[in-house]
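What follows is a set of notes on a single structure, which appears directly below.
Chain letters run A, B, ... following the sequence lines, proteins first, then strands; residues in each count from 1.
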Amino acid sequence: MRLDNMLLAEGVSGPEKGGGSAAAAAAAAAAGGSPNDGSIEHSDYRAKLAQIRQIYHSELEKYEQACSEFTNHVMNLLREQSRTRPISPKEIERMVGIIHRKFSTIQMQLKQSTCEAVMILRSRFLDARRKRRNFNKQATEVLNEYFYSHLSNPYPSEEAKEELAKKCAITVSQVSNWFGNKRIRYKKNIGKFQEEANLYAVKTAVDAASVSAQASQANSPATPNSGGYPAPCYTPDGRL
DNA sequence: GGATATGATTGATT
DNA sequence: AATCAATCATATCC
């Protein structure tokens, strides 16, 4: 029963939405090529699902046909035998019941394997990790800028995250993911990120300098930083 | 082609 | 609920 519900939920065993649905989905997937905005893998997924559904239905039909054929055959045999020996209707009923049970277990197996196929398809297509795309240059610029200019406490508030998300054209949870990854990877070996850190430190320093230069007439534009860099001080956290 | 970078997911922790 | 740490699956680089 669980299998039935599952297949129904996935739209495999439900009412067939016209035989051409699979073809239509496939055609849509093949024709529309440009907008990579999520629609493509979705239609691809749907096409594959439709394929599974088609196989499922044709197999199911085959089984049903075989079942009725076999039942007929047995009935004929019994009828023939009834001329030589008395056969009670109960016995016939029993035989039919046995046959139907046999075939329903076979159908069960079909349903199970179909379920498995659907699950595999799901994990294959709906797992976002499989269609990962890197953020564009300026998005990572913005994120890195924030990260390195808040290195002592790189935990943007909800509002800050929303701002960053807007600037980078990504979602808030993507911003959270990015900061989570960045923090852990930064602290994992700070050395590897030193260059990047310096780069963004200089960048923000230059920005600050240009801002102050607008206020007070510029004095030393060549050396943006006195002495060392502002010491990356994001110690991984209190807990050791 | 493998090494590395990177975004996303998962399970644990608080 | 937010974050960490490990891990997965893909992108990108060489």
(request) Select one nucleotide: of dT3(C), dA5(C), dA2(C), the one nearest the side-chain heavy atoms of Glu158(A). (result) dA2(C)

(message) By nearest atom, which of the nucleotides dG7(B), dA5(C), dT3(C) is closest to the Lys187(A) side chain?
(response) dA5(C)

(request) Select base, sugar-phosphate, or nothing to describe what Lys192(A) touches, counting heavy atoms under 4.0 Å on all strands. (result) sugar-phosphate

(request) Could you check whether Phe179(A) gets within reach of a base, just the sugar-phosphate, or nothing at all, counting any heavy atom under 4.0 Å? (result) nothing

(request) Please determine if a side-chain N or O atom of Lys161(A) lies less than 4.0 Å away from the OP1 or OP2 oxygen of dT3(C). (result) yes

(message) Does this structure show an ion pair linking Lys62(A) with Glu59(A), if we count only N-O contacts that are shorter than 4.0 Å?
(response)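 Salt bridge: yes.
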
Using atom [atom1] of [X] as one end and atom [atom2] of [N] as the other, report the distance to the nearest whole Å.
X         : N       : atom1 : atom2 : value
Asn177(A) : dC8(C)  : CG    : C1'   : 13 Å
Phe135(A) : dA11(C) : CZ    : C1'   : 13 Å
Arg185(A) : dT4(B)  : CZ    : P     : 14 Å
Ile184(A) : dA12(B) : CD1   : C1'   : 13 Å
Lys188(A) : dT6(B)  : NZ    : C1'   : 14 Å
Gln174(A) : dT6(B)  : CD    : C1'   : 12 Å
Lys137(A) : dA5(B)  : NZ    : C1'   : 12 Å
Asn181(A) : dT3(C)  : CG    : C1'   : 12 Å

(request) Over all heavy atoms of both residues, which pair between Lys161(A) and Ser176(A) is shortest? Give the atoms and the distance, please. (result)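 In this case the closest contact between Lys161(A) and Ser176(A) is NZ-OG, 3.1 Å.
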
(request) Give the minimum heavy-atom separation between Thr71(A) and His100(A), together with the two atoms involved. (result) OG1-NE2, 3.8 Å

(request) For Arg132(A) and for Ser176(A), locate the closest nucleotide of DNA chain C by heavy-atom distance; then report the residue assigned to the nucleotide nearer the 5' terminus. (result)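 The residue closer to the strand's 5' end, by nearest nucleotide, is Ser176(A).
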
(request) Flag the pair Tyr146(A) / Phe179(A) as yes when their ring centroid distance falls below 6.0 Å, and as no otherwise. (result) yes

(message) Given 3.5 Å as the limit, does a donor-acceptor pair link the side chain of His73(A) with the main chain of Glu69(A), or not?
(response)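 No; zero donor-acceptor contacts below 3.5 Å.
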
(request) Check if the side chain of Asn134(A) and the base of dA5(B) share a donor-acceptor pair of N or O atoms closer than 3.5 Å. (result) no

